[in-house]
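One structure is given here, and the rest of the page talks about it.
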Amino acid sequence: KIDSGEMILKRDKRTRAKRWEKLEDEVTYEAKDLDRKVTSKDQIRKVIKTFKEKLFAEIFKDRKHVPKTLIYAKDDNHAEEIVEIVRQEFGEDNKFCQKITYKTEGIKPEELIRQFRNEFYPRIAVTVDMIATGTDIKPLEIVFFMRAVRSRNYFEQMKGRGVRTMDNQSFMTVSPDAVAKERFVIVDAVG
């Protein structure tokens, strides 16, 4: 619930223009509305901060670079918020984390996918559905869900992005601090 009288930041979904507005009426929302109608940057930040803390301490202890990571967002706005917070929390610039959706501006999504697949940067890509099926990103080591998936078949296809194998030499060109792709990890931030 957001109380009346609170100052909130509103963003136009079409133009992305932001403006502050004082709520005249109380706004009540459900869990399913989170990151769709109402965005909690603190919640996103907590998830990303926890991921960062556990990444080298528990998940990939022997690494110094973030393994290639694909984050599934709820929608394009959610993806933008995640990208912004990932860059802040990891203290990195635009090349480190990219949004790859049908609404990506600037570099074409196909070029971003090529870079994600074949180059050192980006280390983290945030998508909604664009890389969910049929796109091979062989060096991918972390499949990170920040959205619920209602279909068992679709979920299997999404997590299948991480199962691709590749030869060690090719893998080391995009992940130089790893000897081989031995596994992939699923991070479930939504249960």
Side-chain angles (χ1 to χ4, degrees), residues 13-14 16 35-36 44 47-48 51-52 55 59-60 63-151 153-190:
K13 285 191 173 199
R14 190 178 49 78
R16 304 276 191 255
D35 299 315
R36 293 190 191 275
I44 297 169
V47 168
I48 298 302
F51 170 68
K52 180 184 174 197
L55 182 60
I59 305 171
F60 285 94
R63 303 284 281 281
K64 62 180 178 183
H65 299 295
V66 173
K68 290 284 187 166
T69 301
L70 180 62
I71 300 176
Y72 287 110
K74 294 176 183 175
D75 59 26
D76 200 68
N77 286 319
H78 187 223
E80 283 189 18
E81 297 291 346
I82 293 169
V83 167
E84 178 183 323
I85 291 170
V86 164
R87 289 174 182 164
Q88 291 169 359
E89 287 302 317
F90 280 87
E92 296 282 351
D93 60 11
N94 294 356
K95 67 184 177 185
F96 177 78
C97 181
Q98 291 283 326
K99 178 182 83 165
I100 305 177
T101 69
Y102 294 106
K103 295 181 181 179
T104 298
E105 296 175 6
I107 301 173
K108 291 184 178 185
E110 297 79 18
E111 175 61 17
L112 289 170
I113 290 170
R114 187 200 63 73
Q115 290 173 3
F116 189 48
R117 179 186 294 130
N118 301 316
E119 298 177 17
F120 184 79
Y121 289 114
R123 300 310 296 165
I124 298 175
V126 182
T127 192
V128 179
D129 292 317
M130 190 162 196
I131 309 178
T133 63
T135 303
D136 281 344
I137 312 289
K138 291 182 179 183
L140 189 63
E141 293 183 272
I142 300 173
V143 179
F144 192 151
F145 290 91
M146 289 187 70
R147 64 173 269 192
V149 182
R150 303 275 181 243
S151 162
N153 288 337
Y154 194 46
F155 175 69
E156 292 298 325
Q157 290 176 336
M158 293 167 86
K159 73 179 188 178
R161 300 308 91 210
V163 302
R164 304 303 191 256
T165 60
M166 67 188 304
D167 67 272
N168 295 348
Q169 187 174 356
S170 297
F171 183 64
M172 288 176 65
T173 63
V174 296
S175 293
D177 62 339
V179 177
K181 180 177 177 181
E182 298 171 338
R183 64 189 173 115
F184 81 100
V185 175
I186 295 173
V187 176
D188 179 3
V190 295

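Residue numbers run from 1 in the order of the sequence given. Remember, predicted model here, so these are calculated numbers, not experimental data.
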Return the CE to CG distance between Met172 and Asp167, rounded to the nearest 0.5 Å.
11.0 Å
Could you tell me whether the side chain of Thr69 and the main chain of Ile124 form a donor-acceptor pair under 3.5 Å?
no
Could you state the interatomic distance from OG (Ser175) to CG (Asn168), rounded to the nearest 0.5 Å?
11.5 Å
So does Lys181 pair up with Glu141, basic N to acidic O under 4.0 Å?
no
Can you list every ring pair (Phe, Tyr, Trp, His ring centres under 6.0 Å) pair that touches residues 155-174, not counting sequence neighbours?
Phe145-Phe155
Distance col, row Phe60:CZ vs Glu182:CD, nearest 0.5 angstrom, shows 9.0 Å
Test Gln88 against Ile48 for side chain to side chain contact (heavy atoms under 4.5 Å, CB included), laying out the working first.
CA-CA 10 Å; Gln88 291 169 359; Ile48 298 302; over 6 Å; no
Let me see the working for Met146 and Ile44 under side chain to side chain contact (heavy atoms under 4.5 Å, CB included), right down to the final yes or no.
CA-CA 9 Å; Met146 289 187 70; Ile44 297 169; 4.1 Å; yes
Check the angle between the aromatic planes of Phe90 and Phe96 and answer parallel, tilted or perpendicular using the 30° and 60° thresholds.
tilted
Evaluate side chain to side chain contact (heavy atoms under 4.5 Å, CB included) for Gln157 paired with Ser151, printing each intermediate quantity in order.
CA-CA 10 Å; Gln157 290 176 336; Ser151 162; over 6 Å; no
Are any non-hydrogen side-chain atoms of Glu92 and Cys97 less than 4.5 angstrom apart?
no
Within the distance-only criterion (no hydrogens, no angle test), does the side chain of Gln98 pair as donor or acceptor with the backbone N or O of Asn94 below 3.5 angstrom?
yes
After noting the C-alpha distance and the side-chain angles of Val174 and Phe116, does the key distance pass the side chain to side chain contact (heavy atoms under 4.5 Å, CB included) rule?
CA-CA 9 Å; Val174 296; Phe116 189 48; over 6 Å; no
Single hit among Thr127, Val190, Ile82, Val126 for side chain to side chain contact (heavy atoms under 4.5 Å, CB included) with Tyr72
Thr127
Quick one: side-chain hydrogen bond (donor to acceptor under 3.5 Å, both in side chains) partners of Lys68, sequence neighbours excluded?
none
Between Leu55 and Arg63, is any pair of side-chain heavy atoms under 4.5 Å apart?
no
Taking the side chain as C-beta and beyond, is there a heavy-atom pair between Val128 and His78 under 4.5 Å?
no
Below 4.0 angstrom, N of the basic side chain to O of the carboxylate: do Arg164 and Asp136 qualify?
yes
I'd like to check the side-chain hydrogen bond (donor to acceptor under 3.5 Å, both in side chains) partners of Arg117; sequence neighbours left out, ordered by chain and number.
none
Nearest 0.5 Å please: distance from the CZ atom of Arg161 over to the CZ atom of Phe184.
10.0 Å
